[in-house]
Protein chains: 2
Amino acid sequence: MEEFKLFDAEYKFMDIIWELEPINSTELTKVCLKKLGWKKSTTYTMIRKLAGRGILKNENATVVALVKREEVQKHDSEVLLKRTFNNSLPIFLATFLQDKKLSKQEAEEIKKMIEEATK
Amino acid sequence: MEEFKLFDAEYKFMDIIWELEPINSTELTKVCLKKLGWKKSTTYTMIRKLAGRGILKNENATVVALVKREEVQKHDSEVLLKRTFNNSLPIFLATFLQDKKLSKQEAEEIKKMIEEATK
DNA sequence: AGAAAAGGTTTATCACGATAAACCTGACTT
DNA sequence: AAGTCAGGTTTATCGTGATAAACCTTTTCT
């Protein structure tokens with residue numbers, strides 16, 4: 001459960017991996033240098049730390065994610081709702097939708113999902 | 001915009017203030033000692049930092065919040081949706097609702113809110 | 001063979017959020 | 001007047017996430 005928590009730098013890094021995986025580690029150091037301004041050793045430090053937590057693996061110089069982007073997103077959402085909205089989706093929506101307008105299409109999509117999630 | 005970002009300790013602290021405001025500062029140090037285990041100086045440090053950012057004010061030994069809990073909640077929600085879900089509420093919900101069930105009542109409340117937010 | 005590049009690890013440094021010790025002033029109390 | 005307590009500020013310490021310098025081994029290229 002706790003393993004999905006990513007810090008800011010880790011999240012930016014994983015964003016690159018999710019986009020490009022599987023990716024060669026040397027290639028990854030170049031992308032990180034370009035996109036994040038990181039030195040080679042910084043990238044390898046990140047690889048090692050995240051590998052140790054089971055977030056990704058690095059085998060034969062090939063880096064792949066072990067957790068899906070959606071799992072992390074879901075975890076982050078649950079943390080926010082628990083911490084901030086007492087785990088209530090209606091309270092979250094009431095706050096989030098203040099002064100906001102939805103398009104007709106968005107509204108339809110959402111209502112459909114709500115239907116499907118209702119027992 | 002950026003001023004609403006609260007770090008973990010700050011958030012816990014503001015939670016107490018939102019609950020008890022207006023509150024005398026000495027009283028507040030006692031509550032923080034009890035609920036958070038903070039020494040007096042820690043509480044005053046927090047007060048000063050948050051006052052400097054316009055989150056609260058301390059006048060005549062009385063502390064009151066200058067931003068409402070809901071403003072911060074809304075800000076946090078928007079940050080999550082932007083950072084994680086490309087600012088799309090449907091994508092957020094699709095992820096969040098995976099494997100979850102809603103009660104009939106929750107579903108009704110949500111649909112009503114969606115209606116109201118649709119132009 | 002010798003140089004260069006790939007593919008790393010070890011060990012630090014740095015920034016900053018979290019927490020607090022020590023100190024100060026003024027009002028009230030005995 | 002001496003002590004106590006309210007109401008703070010100044011200045012540190014500490015933990016840890018973010019970043020990297022220095023070093024090492026193995027493979028590849030000339």
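Chain A is the first sequence line, chain B the second, and so forth, proteins listed ahead of strands; every chain is numbered from 1. Below, each value reflects all heavy atoms present in this structure, side chains not excepted, and no hydrogens, waters or symmetry copies.
Whole-Å rounding puts the Asn58(A) CG to dG7(C) P distance at 10 Å. Atom-to-atom, CD of Glu59(B) to P of dA6(D) comes out at 21 Å; the value is rounded to the nearest Å. Residue Trp38(B) contributes atom CH2, which lies 14 Å from atom P of dG17(C) at whole-angstrom precision. For the pair Met46(A) CE and dT10(C) P, the interatomic distance rounds to 18 Å; values are reported in whole Å. The interatomic distance linking Tyr44(B) (OH) with dT19(C) (C1') rounds to 16 Å, in whole Å. Whole-Å rounding puts the Glu10(B) CD to dG17(C) P distance at 8 Å. Put simply, CG on Asp8(A) is 10 Å from C1' on dG17(D), counting in whole angstrom units. What separates NZ of Lys39(A) from P of dA6(C) is a distance of 17 Å, to the nearest Å.
Side chain of Thr26(A), nearest nucleotide from dG8(D), dG7(C), dG8(C): dG7(C). Residue Phe7(B) has its side chain nearest to dG17(C) when only dT19(D), dG17(C), dT10(D) are considered. Side-chain atoms of Lys40(A) lie closest to dG7(C) of the nucleotides dA20(C), dG8(D), dG7(C). Here the side chain of Thr45(B) is nearest to one of dG7(D), dT10(D), dA6(D), namely dT10(D). The Ala9(A) side chain lies nearest to dA18(D) when the options are dG7(D), dA18(C), dA18(D). Of all nucleotides listed (dT10(C), dG7(C), dA20(C)), dG7(C) comes nearest to the side chain of Asn24(A).
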*salt bridge (Lys or Arg N to Asp or Glu O under 4.0 Å) between Glu19(B) and Lys35(B), worked out*: CA-CA 13 Å; Glu19(B) 189 190 349; Lys35(B) 292 208 187 182; 3.6 Å; yes
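Side-chain rings of Phe92(B) and Phe92(A) approach one another, their centers coming within less than 6.0 Å.
Dashed line: the shortest gap from a side-chain N or O of Thr42(A) to OP1 or OP2 of dT19(D) is not under 4.0 Å. Side-chain nitrogen and oxygen atoms of Arg48(B) include none within less than 4.0 Å of the OP1 or OP2 phosphate oxygen of dG8(D). Within the 4.0 Å cut-off from OP1 or OP2 of dA6(D), not a single side-chain nitrogen or oxygen of Ser25(B) is found. Close to dA21(D), at under 4.0 Å from its OP1 or OP2, lies no side-chain N or O of Ser41(A).
Put simply, the side chain of Lys74(B) gets close to the backbone of Gln98(A): a donor and an acceptor are under 3.5 Å apart. A donor-acceptor pair is defined here as one N or O able to donate and one able to accept, closer than 3.5 Å; no such pair exists between the side chain of Gln73(A) and the backbone of Phe85(B).
Distance check, rounded to the nearest 0.5 Å: NZ of Lys30(B) to CD1 of Ile23(B) gives 10.5 Å.
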